[in-house]
Number of protein chains: 4
Amino acid sequence: MDFGFDERTEELRTRLLAFMDSHIYPAEPVYAAQAAERDDPWAPPPVIEDLKAAAREAGLWNLFLPGEDGGGLTNLQYAPLAEITGRSPGLAPTALNCAAPDTGNMELLSMFGTPPQRDEWLKPLLNGEIRSAFAMTEPDVASSDARNIATTITRDGDEYVVTGRKWYISGAMNPNCRVLIVMGVTDPDGPPHRRHSMVLVPTGTPGVDVRRGMHVFGYPDGTKGGHAEIVFDNARVPVTFLLGDEHAGFAMAQARLGPGRIHHCMRLIGIAERAVELMCRRALDRTAFGKPVAEQGVVRDWIAESRVRIEQLRLLVLKTAWLMDTVGNQGAHTEIQSIKIATPSAVEWILDKAIQVHGAAGVSQDFPLAQLWSSTRTLRLADGPDEVHKRSLSRRELAKYRS
Amino acid sequence: MDFGFDERTEELRTRLLAFMDSHIYPAEPVYAAQAAERDDPWAPPPVIEDLKAAAREAGLWNLFLPGEDGGGLTNLQYAPLAEITGRSPGLAPTALNCAAPDTGNMELLSMFGTPPQRDEWLKPLLNGEIRSAFAMTEPDVASSDARNIATTITRDGDEYVVTGRKWYISGAMNPNCRVLIVMGVTDPDGPPHRRHSMVLVPTGTPGVDVRRGMHVFGYPDGTKGGHAEIVFDNARVPVTFLLGDEHAGFAMAQARLGPGRIHHCMRLIGIAERAVELMCRRALDRTAFGKPVAEQGVVRDWIAESRVRIEQLRLLVLKTAWLMDTVGNQGAHTEIQSIKIATPSAVEWILDKAIQVHGAAGVSQDFPLAQLWSSTRTLRLADGPDEVHKRSLSRRELAKYRS
Amino acid sequence: MDFGFDERTEELRTRLLAFMDSHIYPAEPVYAAQAAERDDPWAPPPVIEDLKAAAREAGLWNLFLPGEDGGGLTNLQYAPLAEITGRSPGLAPTALNCAAPDTGNMELLSMFGTPPQRDEWLKPLLNGEIRSAFAMTEPDVASSDARNIATTITRDGDEYVVTGRKWYISGAMNPNCRVLIVMGVTDPDGPPHRRHSMVLVPTGTPGVDVRRGMHVFGYPDGTKGGHAEIVFDNARVPVTFLLGDEHAGFAMAQARLGPGRIHHCMRLIGIAERAVELMCRRALDRTAFGKPVAEQGVVRDWIAESRVRIEQLRLLVLKTAWLMDTVGNQGAHTEIQSIKIATPSAVEWILDKAIQVHGAAGVSQDFPLAQLWSSTRTLRLADGPDEVHKRSLSRRELAKYRS
Amino acid sequence: MDFGFDERTEELRTRLLAFMDSHIYPAEPVYAAQAAERDDPWAPPPVIEDLKAAAREAGLWNLFLPGEDGGGLTNLQYAPLAEITGRSPGLAPTALNCAAPDTGNMELLSMFGTPPQRDEWLKPLLNGEIRSAFAMTEPDVASSDARNIATTITRDGDEYVVTGRKWYISGAMNPNCRVLIVMGVTDPDGPPHRRHSMVLVPTGTPGVDVRRGMHVFGYPDGTKGGHAEIVFDNARVPVTFLLGDEHAGFAMAQARLGPGRIHHCMRLIGIAERAVELMCRRALDRTAFGKPVAEQGVVRDWIAESRVRIEQLRLLVLKTAWLMDTVGNQGAHTEIQSIKIATPSAVEWILDKAIQVHGAAGVSQDFPLAQLWSSTRTLRLADGPDEVHKRSLSRRELAKYRS
């Protein structure tokens, strides 16, 4: 259980920290200004392309992806790097080509893609030339129980026909989003975990209607490609667009989620660190009722509590990463669930306190806190609400004592 | 300490409940659709004017305002009505001409306005013909301590010259907002509570630059006139535009806040009731892991806890209203602070749980929950953060035991 | 919904407040000293008898009991008096003959007792000459579900034969405890709510074995008669000792609980007030790190939060009392459950903070806080844990929206 | 940052786990029975001596003490062992001669004792022949600020004269407690951190009056030697009984606290694990309202939340131990404070839930939960209340951003 940073990690951390200082933080106001002025509300601000080029040149590219296709890092090596990108989560992950949902999609394509699929989609994704989306969640069912997913993928000759309604398909409003990985029912009579498959659906396919961008607490998240509602009405793709095995979609989705969850948690720790920094700076800068806010007892309590929580979260995330590397995602199941339960709610708490210290500025567009809060809070329900994960985790705990 | 509803209250409640059913709830989707389609992002959807006409005809108009200028209700009579409007807080308060910030401004004009000021601004406000705003909060100081306010109002001959920067001036983006009540320093050397005055500044006045709309967790609140940042650069108004006495601004602002706070809390209780209704309906409608969400133990716990908290809040608000009626706002100071401390945080908790039960829908634009959450959470810091009010309340508690 | 104090209440409050000052508070150290020195660890300190005589003389006697047998007060009249006795909960309720479990037992005997039962037990209880206990809870089943109770009460000729094990039978270790009201199964095949009966079992009855005193967080509560574990092994009583109707025990137990719960909650508010007073006094008296503890921001936050919570709880208790008086215990069911859910946990929080301000003294025998905490926390599980009440309350809330 | 168990740790863990099964758990009921029957309420139950002999024979002795005098383990090696002893905190630490306050006293004597002091007290302590106590806390000042300590230690010729009042001196009621390490003022005019010294005071010394045992939530903790109030009235000891340097008491006390705090936290994690086990077993064993308590959603939530919190706490404790080993106690200051802040409150929460699942049994003497709760909660205020540690920790956090 060694969480220390090895040489490669230290070297990449140094390089990434320098890149944050030289490129990312200075680009934040540029990004905001471009976002305010662009015509297409779903297009990423152009500065992102400059950052991508710079990151690639700096050797900070595709670090998330293990194996030859990507940076070849272990989870434990990637964790502290992902944390750093979390300090500027709107820019840094995208700049490094390490942003969801492409990361999970590249993982799927890397593991399950046929050679033509890899040529067509994995390569340009790895090059940062196109974006992609993952279409699983549906508005009409409790998607926390993946077996509820109702979109149908029906074979008709050499084609699959996709029909159903999806929403909160992150990134799919981006004009540069070229392909959707769609999950749907291919065998309605199969056993519950062997009913679904995934198919690749190019965004221009007839019958694919991108209806609107869903909001997250008022944020359309347009600079990140939004969260689309998409109606599939007999959209047809060749059978060669099946990803992985037929009826294996449930297991593939689960496999995709493990790394996705830990990446989120890693970045959330960076978000929390940014929040503490902002909270401290503001508390030192402002005076109320005759003394600096930093000397108000309640504010001090929040700062200390934030630090103590962050330290605990980071260690649990590192242990989880180490376990995933050593015993595999399955063996790290309890820990992955634990960080999914613990991290968003603790970071939400920290952001809430940072907001409170900022007063009205905290809820405004002038500081990143309110938007970070909205995405963090949403992680308490995205990809299975906390309550579902707790139920599952408790079952394993109770099983230890069942006679 | 009789909180029972008297005959007039019962009659108005019946009428208002009917109006909610016949007019307000049916108008909610219309309002949303018009909001999505309008050209001016700061203009209220036109259905609002229809609702205002209907409310006026139904005798549900200016109920908030005591005395001859308004409905002539006591706080205790108004409380249950305001609660009902809180169930649809984007539409109902405006429809009844009972929406902030105009309510507080009408109170000020009703109490302190000269006859010409009343003619010019109070009358059209009472008629719902124009809107107004209250410009107090500033970005550069901790406005929780009102003595920090730095905008200057300097007499120059027959004019006052206003210079300073204000933000989160609610309603001021509305094209129909015609006048701002601006608070600023008129006597920088006076005793801390005798330094400020209020002047009426028509929105077209040269030197008044409405810069932008501030956001609240991603919401520009455009349908409600937004929250403006305004720069005053030597804006001049005649000395006759002084509201009330010179240097009495601090006391007037305090006087304005008491009713404002209780109105907010009354409506928050309606918001909480709406949230519980939505939470219950959703929990009954959805199934996950083989049983209705309404049978999940944790969800049941939330519902019960919500009910128990609402009952307590409502009683405390009613007691506060009763005290304001019987011993005056000053005598009800502790209670006004208590509801300001207790209500937003409890209602925020309830909204959070209702959101969680809704999953992604809860954070979306398809349900009112996320936006209600954002405005509720903001009340934990608006008009003095909770911590400031607790500090002050504890001082009075401790004083009981000081020897 | 008038919670104001009427003339009789005001008069009794004045008298009781004077009695607290003249008799109860001065007796607290005497009581503690006598408790430390007595030989029988289950005997009440003798000062209690003096206080009883004085209270009776002062006309402060049996105030809890409605109707001719007692003080004839409504719940709303009694509530503020019970709160006051809660400020010294070890002495005042007993001194006024208003202490559990005798109060509930007197209610049962007053409502259901036959004339001989009233002569034998109600009269001396009303006179404060004997004590009694209520034997319901059992160690071997989840007593939160009263239908689980397993002790059998079997008719055998002219006698009932009682067999089973009970625990946490409060007051039964008191040498002056003369009678137990025992609940057990008389009709195992009846419908779940028509299976149990209550019988009166004099404490000396053969087959009644008072085994030991159960502790509450280390407190044997000996001065209050402890909490006995009792084994009934074929204990026989005449059939005339049946209380009320056969098989009606469940309903009678429920009837007993309503007033019991509100009395507990009323007193808890007095406990909370005492805790706030102690917390404030200590905070004013002590200095740490160069300033009075009363000026530490976190402590101020606790004091304010305590005040705000108490105000809400008191109003909900008063409303519940008023409802019980006007629509009956059944009509006040939701509110009785609400105060049962809300009060112990809030008062526990307040006591925790008062303890924290006292440091080691707070957990010691030199201040009442730790013992008050232990009994308050226990009320979160006694008489149905909070979770059971929330489950039930949520069911009624959900029922409003079921189609 | 390698927290893995090395070979020695693994070997000791295996041995200790076997010892828990073979000796400690079977002795728990014996210990309780002997405790109930002994004559001297402050004498440890005799089974403890048997356990001590067995532990020594098993090579599980003085593991806490680094260096030649003790087991020679690092903090990281000792941590998982201390956690295991925490599963039976009344027996296991004492059985292994690893119980407070002797541990800290042995550390002091090992570091600072003169050869005669080592012969006289360290040797028999290391042999488990005698017990000792540490007399620092005083009833009349806020001891959280150690500079407040007021007991005087005045040199008079070849003697020190000790005068003052101490309380909560753990272990000092034990008839086998032979020596007190007393902290008091030797130089009232010195700089605040150079005013105090420590002297060794044998318990029989004239002028040492052990007044009474202080309680902890009703528990006198008699089997562990209680918590004494001691009055020193001109108690005289030879100057050779000075421990360490004169006026260096403050620094020595701080040095003693670091390991003490981490030992407490290690054991608390064992306590939490025991609580989760009891909670799960009870939840599986009991049925209420027609289904096992283990299937109640709220209980499942508690179990999962407990597991997630424990995992985080353990990692933070391990990191702290590792830091103490690698950069020293001073370098681990923030982490020592962090675990002191995080652990007691989280474990208190877990114990509270375990109690709630047990119902009345949870607060009784039949399960260890209530007593464990009382000692755990007390750690939130012992040795500096949480609030003091948070204040200090936040100061260091803020310092990072001060310009």
Side-chain angles (χ1 to χ4, degrees), chain C residues 36 137-145 147-148 167-168 212-221 227 229 285-290 293 296-299 348 352 355-366 369-371 373-375 377-378 380-382 384-388 390-392, chain D residues 36 137-145 147-148 167-168 212-221 227 229 285-290 293 296-299 348 352 355-366 369-371 373-375 377-378 380-382 384-388 390-392:
Chain C
T137 321
E138 301 184 356
D140 299 327
V141 297
S143 304
S144 60
D145 184 350
R147 298 166 306 178
N148 282 340
W167 76 347
Y168 279 94
R212 57 171 177 160
M214 301 305 301
H215 295 187
V216 172
F217 284 90
Y219 297 99
D221 287 344
H227 312 280
E229 179 173 5
D285 277 3
R286 292 277 162 138
T287 291
F289 301 97
V293 171
Q296 318 277 7
V298 175
V299 171
E348 180 195 318
D352 179 81
I355 287 170
Q356 191 73 355
V357 169
H358 281 74
V363 307
S364 80
Q365 66 269 52
D366 289 1
L369 295 165
Q371 184 155 17
W373 184 92
S374 80
S375 57
R377 193 264 171 263
T378 302
R380 276 177 43 214
L381 55 82
D386 292 357
E387 292 68 37
V388 168
K390 288 194 197 171
R391 219 175 65 107
S392 155
Chain D
T137 322
E138 302 185 357
D140 298 327
V141 296
S143 304
S144 60
D145 185 350
R147 298 166 304 178
N148 281 339
W167 75 348
Y168 279 94
R212 57 171 179 160
M214 302 305 302
H215 295 186
V216 171
F217 283 92
Y219 297 100
D221 288 342
H227 312 279
E229 180 174 2
D285 277 2
R286 293 278 162 137
T287 290
F289 301 97
V293 171
Q296 317 279 6
V298 175
V299 172
E348 180 195 320
D352 180 81
I355 288 170
Q356 192 73 354
V357 169
H358 281 74
V363 308
S364 81
Q365 65 269 52
D366 288 2
L369 294 165
Q371 185 157 15
W373 183 93
S374 80
S375 57
R377 192 264 172 265
T378 302
R380 275 178 44 215
L381 54 81
D386 293 356
E387 292 68 36
V388 167
K390 288 195 198 170
R391 219 175 63 108
S392 154

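Chain A is the first sequence line, chain B the second, and so forth, proteins listed ahead of strands; every chain is numbered from 1.
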Exercise for the section: Check for a donor-acceptor pair, side chain of D:Gln356 on one end and backbone N or O of C:Arg380 on the other, with a separation under 3.5 Å. Expected result: yes
Completion exercise
One should read off an interatomic distance between D:Arg377 CZ and C:Asp352 CG, to the nearest 0.5 angstrom, of 4.5 Å
Handout entry: Heavy-atom donor-acceptor pair, D:Glu387 side chain to C:Val299 backbone, under 3.5 Å
Key = no
Completion exercise
Assert top hit (heavy-atom pairs under 4.5 Å, partner chain D, pool C:Gly218, C:Ala382, C:Ser364) equals C:Gly218
Problem - Proximity breakdown for C:Phe289 and chain D, heavy-atom pairs closer than 4.5 Å - result: both
Completion exercise
C:Gln365 and D:His215 have their tightest heavy-atom pair at OE1-N, 2.8 Å
Practice task
Using a cut-off of under 4.5 Å on heavy-atom pairs, state which of C:Ala288, C:Gly359, C:Pro220, C:Pro385 scores highest against chain D.
Solution key: C:Gly359
Problem - Which atoms of D:Ile355 approach chain C - backbone, side chain, both or neither, heavy atom under 4.5 Å - result: both
Exercise for the section: Flag the pair D:Met214 / C:Asp366 as yes when at least one side-chain heavy-atom distance between them is below 4.5 Å, and no otherwise. Expected result: yes
Handout entry: Pick from D:Ala142, D:Gly362, D:Gly290 with the largest number of heavy-atom pairs that fall under 4.5 Å of chain C
Key = D:Ala142
Handout entry: Sequence-distant partners of D:Gln371, side-chain contact (heavy atoms from CB on, under 4.5 Å), two or more places apart
Key = D:Tyr219, D:Asp221, D:Ser374
Handout entry: Residue C:Val388 versus chain D: region with a heavy atom under 4.5 Å
Key = side chain
Practice task
Identify which part of D:Thr287 has an atom lying under 4.5 Å from any heavy atom of chain C, answering side chain, backbone, both or neither.
Solution key: backbone
Handout entry: Nearest-0.5 Å distance, CZ of residue C:Arg286 to CG of residue D:Asn148
Key = 9.0 Å
Exercise for the section: Heavy-atom distances under 4.5 Å only: say whether C:Ala361 touches chain D with side chain, backbone, both or neither. Expected result: both
Handout entry: Contact leader toward chain C among D:Thr137, D:Leu369, D:Val141, D:Asp285, where contacts are heavy-atom pairs under 4.5 Å
Key = D:Val141
Completion exercise
The interface call for D:Ala360 against chain C, heavy-atom contacts under 4.5 Å, is both
Problem - Mutual orientation of the aromatic rings belonging to C:Trp373 and D:Trp373 [parallel < 30°, tilted 30-60°, perpendicular > 60°] - result: parallel
